[in-house]
Amino acid sequence: MSDVRIELEEGRDTFRPREQLRGRLRWDLAGERVETIRLELLWHTQGKGTRDADVVETLTVENPPTRGERAFAFSLPAGPYSFSGKLFSVLWTLQAVSEPGDEVVQHGIVLSPTGTEVDLTAEADAGAAPALDRS
Amino acid sequence: MGKGCGTLFFGVFLAFGLGFTGLIVKATLRNSDAHGWPQHRCTIETSEPRDTGSDSAPYGLAVTYRYEIGGQSFTSSQIGTSSASHGDYTPVQRALDRYVPGAAVPCWVNPQNHADAILEQSSRAIGLFVLLPLVFVLVGAGGIYGVWVGSAAATKVRADRIQDTVGRKSAATAVVPAIFFGLFLAVGLGVGYFLVDDARNAFEAPRWTPTPCTVEASNVREHESTSDGHTSYTYSVDILYRYQVGGHTYRSNRWRFPGGSSSGRGAKQAIVDEYPPGRDFTCYVNPRDPALAVIQPRVGASALLFALPLVFALVGAGGLFGMLRSRGQDRRQAQSTARDEFADPARGRHASVAASPSRVASAALAAESYLPKVPGGGGALTLEPQSTPFGRVFGMLFVALFWNGIVSVFVWQLVLSFQRGSPEWFLAIFLIPFELIGLALIGGFFWSVLALANPRATVSLRSACVPLGGELELRWELSGRTHVIERLTIHLEGVEEVSYRRGTSTHTERNTFRKIEIVNTDDRRELEQGRERVTVPAGTIHSFEAPNNKITWNLVLEGEIRRWPNVSEKYPIVVVPAELGGASGSAA
């Protein structure tokens with residue numbers, strides 16, 4: 001059984017917009033025939049609505065040796081922020097796909113200026129926003 | 001259960017479509033058989049009108065003609081590949097004018113059997129009508145495919161690899177409305193094709209030549225139709241009259257334009273009683289085509305029938321045009337957003353505003369695929385409401401007509417059942433909720449008409465694109481009957497919106513997660529115009545747009561009017577991540 005791992009620098013899982021996301025992709029294919037390993041950085045929705053997703057960055061390893069590793073550095077975009085709402089959430093994921101076979105390994109991250117995902121349910125639970133958020 | 005209902009629903013479309021496609025193909029092939037026959041010269045021997053014996057189409061033509069092939073003489077009486085009978089006498093009159101005894105006319109002879117010949121080849125254009133039922137076949141087959149394959153694919157995505165869907169947004173969301181509007185256009189053009197001649201004649205008839213005419217026969221014709229085991233009848237006026245033009249005798253049975261039949265025998269009988277056999281009167285004859293005549297040239301209320309296919313065609317064409325236009329505008333806006341980045345800032349109309357972050361970042365905005373299109377490219381602009389007052393009126397009218405049009409068919413059946421003395425009580429009870437919705441839609445239409453008299457609100461922004469933590473500066477102005485407004489409120493709201501399929505239908509849900517009050521006043525001066533600034537909170541979420549999930553931010557303006565529809569407008573704006581706008585200072 002092949003083993004593909006995604007390891008992020010300093011073990012971080014939370015990032016700010018426009019930061020660099022660095023890490024290493026490691027694999028041990030244990031004799032299985034794999035033609036490509038594709039590492040994708042993507043966001044996707046989760047919740048009541050039909051799922052949407054968008055791949056932002058891709059790293060492709062063609063004809064990988066049985067064992068190996070590859071460093072990667074992705075420039076994170078300005079958004080969308082990771083958030084959780086009453087009806088849907090946006091999640092960020094690093095996804096390594098081996099082809100043929102379509103074996104998938106996923107590693108979730110949080111993209112947010114505050115270091116934690118934006119919680120829309122907390123805003124709603126707090127009731128109406130301050131009446132006049134004026135300047 | 002959901003898949004079964006979906007399969008049944010789309011299966012009906014597929015079955016109807018295949019059935020009608022088969023009929024049209026069969027008729028086209030049958031008519032095409034004779035198209036390969038060689039043409040010969042035939043001589044008309046006899047030609048006279050005949051009674052077909054049909055109550056709804058009593059007029060036909062009896063013709064005999066002679067031709068020679070290989071020294072052998074043949075006689076035939078076959079006119080076309082199928083026997084023709086008509087409710088309208090005009091085609092019979094035209095045929096009598098064409099097939100005068102002794103005239104030499106072309107005919108087509110079966111090369112396999114010389115005794116088999118025809119005078120007229122049917123048009124193969126009927127084959128084009130196969131396009132109409134093919135649309136139903138596509139909708140039916142596509143729907144069944146979507147029910148079975150689409151749900152399986154969705155399940156697979158949840159369990160396995162997450163695949164990009166945003167890129168497919170434009171194609172997927174455009175197909176369903178394109179089919180919807182395409183159907184309307186096809187039906188409008190198809191029905192209009194049959195009505196265009198009648199429509200032209202209807203509007204020209206008042207200028208035709210008044211001509212002395214004599215009634216030969218007159219009666220009320222009965223047309224039978226059977227539905228769900230019940231037989232119903234409609235009636236039409238059938239007055240056959242003769243007249244002379246240029247020494248030639250013509251006959252016609254046209255009462256008015258358009259023709260057709262309807263319920264109510266009494267009114268038709270009263271007309272027929274006014275035109276007994278032998279009565280002389282004045283009819284109106286087309287000077288360019290004497291075979292065409294009419295008794296009553298005035299266009300009555302029934303002429304509204306001509307407008308129906310036009311409405312269908314306009315709705316269909318308008319919808320398709322609107323879709324194409326909005327896709328073109330999206331492309332142009334994306335292009336102009338990128339061009340703005342490189343344009344000479346001194347030429348921009350907001351040159352007086354130093355360091356406008358939204359315009360500088362416009363190219364960066366274009367690269368963020370999850371953001372909705374920014375109105376006005378990010379610069380100052382007067383906002384357009386989500387829907388205009390006239391747009392709401394026409395929208396309500398369309399929905400009310402569409403809904404009540406369909407429901408009225410079943411209500412009419414119900415009324416007929418009461419008239420027959422065998423009321424369908426189950427249908428009556430079943431229709432109640434549909435009728436209530438129809439009445440509500442009619443009420444909604446009139447309510448939206450009342451709102452046309454409301455004051456108009458104009459809202460303008462320094463920029464329709466504001467970053468989280470940035471400042472939104474807006475101005476508002478009300479014009480018209482502003483004295484009727486008692487209180488004005490403006491607030492900024494953030495809304496989650498999701499859509500999903502359940503069975504065969506698509507559902508949309510919304511949740512307002514944030515509401516920020518900007519204006520709440522009953523002061524007359526402040527109410528009519530004003531200016532305000534508000535900071536968009538930094539800790540909330542920016543705008544987000546994907547095919548099935550959205551975060552939208554809107555400015556909502558409400559003007560309360562007692563005992564009248566409120567002024568209510570919603571203006572979409574775009575809130576971007578702080579990193580795109582520059583969180584320091586104004587959004588302008």
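The figures here come from the full heavy-atom set of this structure, side chains too, leaving out hydrogens, waters and symmetry mates. Chain letters run A, B, ... following the sequence lines, proteins first and then strands; every chain starts at 1.
Here the closest heavy-atom approach between residue B/S369 and residue A/D54 is recorded as OG-OD2, 2.8 Å. Among all heavy-atom pairs drawn from A/P113 and B/E579, the shortest one is CB-OE2, 3.9 Å.
Between the CD1 atom in B/I541 and the CG atom in A/D119 there is a gap of 11.0 Å [rounded to 0.5 Å]. Distance check, rounded to the nearest 0.5 Å: CD1 of B/I551 to CG of A/L120 gives 5.5 Å. The NZ atom of A/K48 sits 4.5 Å away from atom OH of B/Y500, with the distance rounded to the nearest 0.5 Å. Rounding to the nearest 0.5 Å gives a distance of 5.5 Å between CZ of B/F544 and CZ of A/F88.
Side-chain atoms of A/D52 come within 3.5 Å of backbone atoms of B/N548 as a donor-acceptor pair (strictly under, hydrogens ignored). One N or O on the side chain of B/N549 and one on the backbone of A/T50 form a donor-acceptor pair closer than 3.5 Å.
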What verdict does the side chain to side chain contact (heavy atoms under 4.5 Å, CB included) test give for B/V498 and A/T45, after you've listed the backbone C-alpha separation in whole Å, the side-chain angles of each residue and the deciding distance to 0.1 Å? CA-CA 10 Å; B/V498 299; A/T45 64; over 6 Å; no
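The ring-ring contact (aromatic ring centres under 6.0 Å, His included) pairs that include a residue from residues 9-40 of chain A number zero, where partners must be two or more places apart or lie in different chains.
Heavy atoms of A/T114 lying under 4.5 Å from chain B are absent altogether. For A/L87, the parts sitting under 4.5 Å from any heavy atom of chain B are the backbone and the side chain alike. Only the side chain of A/F83 comes within contact range of chain B, judged by heavy atoms closer than 4.5 Å. With a threshold of 4.5 angstrom between heavy atoms, A/V90 approaches chain B through side-chain atoms but not through N, CA, C or O.
Across A/Q46, A/R16, A/H44, the residue that shares the most heavy-atom pairs under 4.5 angstrom with chain B is A/H44. Your options are A/G85, A/A78, A/G47, and the one with the most heavy-atom pairs under 4.5 Å with chain B is A/A78.
In this structure, B/E558 has no salt bridge (Lys or Arg N to Asp or Glu O under 4.0 Å) partners at least two apart in sequence or on a different chain. Residues meeting the ring-ring contact (aromatic ring centres under 6.0 Å, His included) test with B/H542, sequence neighbours left out: A/Y81, B/Y370.
More than 12 heavy-atom neighbours from other residues, nucleotides or ligands sit within 6.0 angstrom of CZ on A/R24. Around the CZ atom of B/R475, the shell of radius 6.0 Å holds no more than 12 heavy atoms that belong to other residues, nucleotides or ligands.
Interface residues of residues 59-71 of chain A toward chain B, defined by a heavy-atom distance below 4.5 Å: none.
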